Amino acid sequence: MDNHQIANILEETAVLLELMGENAFKVRAYHNAARIVESLHDDIAQLIERDELVKLKGIGRALADHIAEIARSGSIKEYDKLRASVPEDVIKMLSIPGVGPKKTRYLWKERGIKSIGELEILCRRHLLAGDPGFGEKTEEKILAGIDMLKSFAGSCRLDEALGAALDVHKEVSRWPDVIRSEIGGSIRRCKEIIHDIDILVSTEKPEKIMERFIAMPQVERVIQHGSKKSEVMLKSGIQCDLRAVSDEEYPFALHYFTGSKEHNVEMRGRAKAKGYKLNEYGLFKGASNKSVSCADETALFKKLGLEFIPPELRENMGEIEAAAKGALPRLIERKDVMGVPHVHSTYTDGKAGIAEMADAASSLGYKYIVIADHSQAVRIAGGMKPADVRHQHKEIDALNRKLKGFRVVKGVELDILSDGALDFDDELLSSFEIVMAAIHSGFGMPEAEMTERIVRGIANPFVKVLAHPTGRLLLTREPYAVDLRRVIAAAVKYDVALEINAHPMRLDLDWRWCKYAKEQGAKMIIGPDAHSTEEIRHVEFGIWVARKGWLTKRDVLNNLNAEDLVRYFHKR
DNA sequence: GCCGTTTTCGGCCCGACTGTTTTCAGTCG
């Protein structure tokens with residue numbers, strides 16, 4: 001059992017307990033434990049061995065024993081019992097928006113409904129209205145929720161959500177009654193997957209703002225409409241929430257609506273311990289509830305004895321403790337990024353020529369690109385044969401003689417074949433300045449075999465970067481099974497950098513692994529995987545991932561100029 | 001089930017909106 005599987009059992013136990021009407025705080029303890037185990041990078045077997053699980057905040061004696069039992073036997077009694085008593089499809093009813101544990105339990109126990117299908121039929125025939133807590137509106141709401149489940153998974157990629165959010169926010173920010181406004185929520189925290197768009201405004205006329213919001217042409221359907229908060233479904237299929245507060249309340253509201261939920265819970269707990277009450281409207285001192293004014297988020301953090309915590313870090317993954325000690329890292333910024341690795345051209349599946357890509361990168365202020373077209377094994381992308389490589393290198397040499405203050409570096413996205421051998425021989429590899437190795441086939445391999453394949457591939461001294469280390473495509477393809485701890489250890493041993501592939505479809509290496517990789521001594525490098533001039537901008541998604549992964553300028557090799565980068569890679 | 005410069009018992013973040021109520025429970029974030 002790996003951490004992910006253990007976390008799944010804890011999470012499911014939490015859901016089942018909730019459904020059975022268990023104490024809400026016990027339920028939370030299980031949810032919490034699942035989250036802790038999921039984000040744990042240490043070998044859980046060792047923690048169990050040394051009985052060190054109880055040292056983790058949120059894991060006590062009982063949960064530590066449960067986790068040990070799951071790791072040993074694959075399950076716990078409590079879970080098996082719950083699992084046996086609740087039909088599989090009943091659990092699925094919880095995924096309908098507006099249907100929570102209480103309603104699900106009632107429908108199942110009192111009405112004998114065991115699936116979403118049965119529930120839908122009952123609502124269509126209006127057989128539910130009249131039951132306690134259920135009326136006509138509830139039936140409509142459930143049907144709308146079921147429709148939504150059928151049509152739309154309820155989540156989208158960061159780049160898609162960001163596009164829609166900017167589109168709405170651009171207009172909202174221009175309305176005359178809006179004083180300050182910002183996109184908050186998981187977009188501001190740069191999560192790779194977004195469930196809804198949160199926009200916050202400060203204003204003296206919240207009702208007017210709400211009216212205007214629900215009447216926007218982007219709106220498909222109004223979900224909620226109140227005086228301070230409204231929720232709509234956009235035509236793009238993404239939910240968008242708008243909250244309005246006064247300008248004095250704005251910093252507190254911005255912090256609150258940026259989240260994460262877990263970060264907020266921790267912050268409120270901290271406020272309480274210091275004799276304050278914290279909510280989205282302010283910070284209130286003592287029994288008198290005297291409000292403490294803060295001009296911005298920085299002031300709010302300061303009042304609670306914390307340095308400013310960048311939004312990307314607000315996941316309750318140790319950022320509050322670090323901020324209390326003044327030990328937050330100085331995160332990498334756009335200005336620290338000198339150049340752009342992992343750029344494709346028309347030599348393989350890119351849409352633009354090398355000169356055009358160089359020009360586009362230069363106009364964004366970057367000092368170099370690393371051309372990294374596919375090697376021959378990737379037939380579908382028109383991978384380069386050795387002759388193509390020699391031709392490309394001549395073109396790059398000629399281009400570099402012409403360019404002033406900008407350089408094109410000779411690189412390749414080299415396939416690691418299924419047995420771990422490389423797609424080009426060493427002689428050809430020696431003609432590149434930077435070799436980025438990657439997996440593009442045989443994704444279904446067992447974990448041990450895949451790990452061995454990658455480790456063998458990056459052990460070749462010509463390989464300098466491991467590109468998109470897990471091969472995931474967000475919301476489309478799961479990462480291949482691989483022991484990342486071993487891969488990271490090998491990358492450190494062989495001095496190979498891990499790519500943070502900044503294509504918003506990938507964002508791979510995942511931010512959750514960046515901090516661990518850094519602690520192990522690994523270096524990261526941001527590559528946009530650009531197949532067109534527009535996609536060079538993907539670098540910025542990579543910077544966000546790096547920031548979210550606690551990385552500083554020093555951890556990310558893009559801070560070097562072209563000469564130093566090539567020199568860095570060839571010193572070993 | 002967890003946790004402790006208020007505590008080993010009694011708390012556990014807090015508010016908006018909706019729908020079904022006649023003062024509030026459920027859901028959501």
Side-chain angles (χ1 to χ4, degrees), chain A residues 10 13-14 17-18 21-36 53-67 76 78 93-107 128-142 144-145 154 184-186 189 194-198 200 206 210 214 222-232 239-245 249 252-253 255-284 286-287 289 305 316:
Chain A
L10 292 169
T13 308
L17 286 171
E18 198 173 14
E22 236 326 332
N23 176 307
F25 298 107
K26 180 173 172 178
V27 172
R28 186 200 284 176
Y30 275 86
H31 278 300
N32 202 20
R35 209 178 66 91
I36 292 166
L53 282 172
V54 281
K55 288 186 186 166
L56 300 169
K57 193 161 168 278
I59 309 269
R61 188 69 264 158
L63 274 166
D65 289 344
H66 284 336
I67 292 167
I76 36 174
E78 185 143 30
M93 294 201 289
L94 285 168
S95 57
I96 304 168
V99 180
K102 298 273 164 48
K103 284 202 161 67
T104 300
R105 186 177 162 78
Y106 176 85
L107 291 166
L128 216 49
D131 279 33
F134 291 86
E136 270 179 46
K137 291 279 181 66
T138 317
E139 287 180 335
E140 281 170 29
K141 198 173 172 184
I142 291 174
S186 44
R189 298 201 316 281
I194 306 296
H195 297 288
D196 58 16
I197 296 166
D198 289 296
L200 175 70
M210 291 300 144
I214 61 165
V222 177
I223 302 169
Q224 272 189 358
H225 176 206
S227 59
K228 298 173 168 180
K229 174 188 178 185
S230 294
E231 296 180 10
V232 300
Q239 187 178 322
C240 182
D241 302 355
L242 184 73
R243 291 287 297 238
V245 296
E249 294 161 344
F252 306 99
H255 173 261
Y256 180 80
F257 292 113
T258 296
S260 67
K261 195 178 162 189
E262 290 82 5
H263 170 92
N264 286 352
V265 168
E266 189 73 19
M267 284 287 285
R268 287 180 177 208
R270 185 178 174 87
K272 197 165 179 179
K274 289 190 174 293
Y276 293 100
K277 187 180 81 164
L278 176 65
N279 61 25
E280 60 261 57
Y281 299 115
L283 184 65
F284 305 93
N289 253 355
N316 196 22

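Everything numeric in this text was worked out from a predicted model, so none of it was measured.
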Here the distance between atom P of B:dC14 and atom CE of A:Met267, to the nearest Å, is 14 Å

- prompt: If we only count heavy atoms from C-beta on, is the A:Thr104 to A:Ile96 side-chain gap below 4.5 Å?
  reply: no

Rounded to whole Å, the CZ-C1' distance (A:Phe284 to B:dC14) equals 11 Å

- Query: For A:Arg28, which contact category applies under a 4.0 Å heavy-atom criterion: base, sugar-phosphate, or nothing?
  - Reply: base

When rounded to whole Å, the NZ to C1' distance for the pair A:Lys57 and B:dG1 reads 14 Å

Would you mind checking if A:Arg268 and A:Glu280 are paired as a salt bridge, meaning a charged N to carboxylate O distance below 4.0 Å?
yes

With sugar-phosphate taken as primed atoms, P, OP1 and OP2 and all else as base, the protein-contact string of nucleotides 20-29 of chain B at under 4.0 Å (heavy atoms; B, S, -) is SS----SSSB

Quiz item: Between A:Lys57 and A:Glu266, does at least one N-O distance fall below 4.0 Å, as a salt bridge requires?
Solution: yes

Partner of B:dC14 under the Watson-Crick or G-U wobble criteria, both distances under 3.5 Å, comes out as B:dG29

Query raised in the report: Roughly how far apart, to the nearest Å, are B:dC24 and B:dG10 at atom P?
Result: 26 Å

TODO: Give a yes/no on whether any side-chain N or O of A:Asn264 is located under 4.0 angstrom from OP1 or OP2 of B:dC13.
DONE: no

If you count heavy atoms of other groups shown closer than 6.0 angstrom to CD of A:Gln224, is the number above 12? yes

* Considering only atom C1', compute the distance from B:dC9 to B:dC17 and round it to an integer number of Å. => 35 Å

Interatomic distance at C1', B:dG26 relative to B:dT21, whole Å: 12 Å

| request: Report yes if some heavy atom in the side chain of A:Arg189 is under 4.5 Å from a heavy atom in the side chain of A:Thr258; otherwise report no. | output: yes

Taken to the nearest whole Å, CD/A:Glu22 to P/B:dG1 is 7 Å

Regarding the side chain of A:Lys228, the nearest nucleotide among B:dA16, B:dT18, B:dC13 is B:dA16

Subject >> Same-atom distance (C1') from B:dG11 to B:dG19, integer angstrom >> reply: 31 Å

When we call it a touch if two heavy atoms are under 4.0 Å apart, what does A:Ser227 touch: a base, just sugar-phosphate, or nothing? sugar-phosphate

Here the distance between atom C1' of B:dC14 and atom CG of A:Leu278, to the nearest Å, is 10 Å

| C1'-based separation of B:dG15 from B:dT22 [nearest Å] | 22 Å

Syn within 90° of 0, anti beyond: B:dT7 is syn

Rounded to whole Å, the NE2-P distance (A:His225 to B:dT18) equals 8 Å

What's the gap between B:dT18 and B:dT23 when it is taken at their C1' atoms, as a whole Å value?
15 Å

Rounded to whole Å, CD of A:Glu249 lies from C1' of B:dA16 at a distance of 13 Å

When rounded to whole Å, the CD to P distance for the pair A:Glu140 and B:dG19 reads 8 Å

Margin query: Is any side-chain heavy atom of A:Phe25 closer than 4.5 Å to one of A:Asn23?
Written below: yes

Nearest-Å distance once atom C1' is located in both B:dT8 and B:dC2: 12 Å

Of the listed B:dG15, B:dC2, B:dC13, the closest approach to the A:Lys277 side chain comes from B:dG15

message = Quick one, A:Tyr30 with A:His66, criterion side chain to side chain contact (heavy atoms under 4.5 Å, CB included). Give me CA distance, side-chain angles, the key distance, then yes/no.
response = CA-CA 10 Å; A:Tyr30 275 86; A:His66 284 336; 3.1 Å; yes

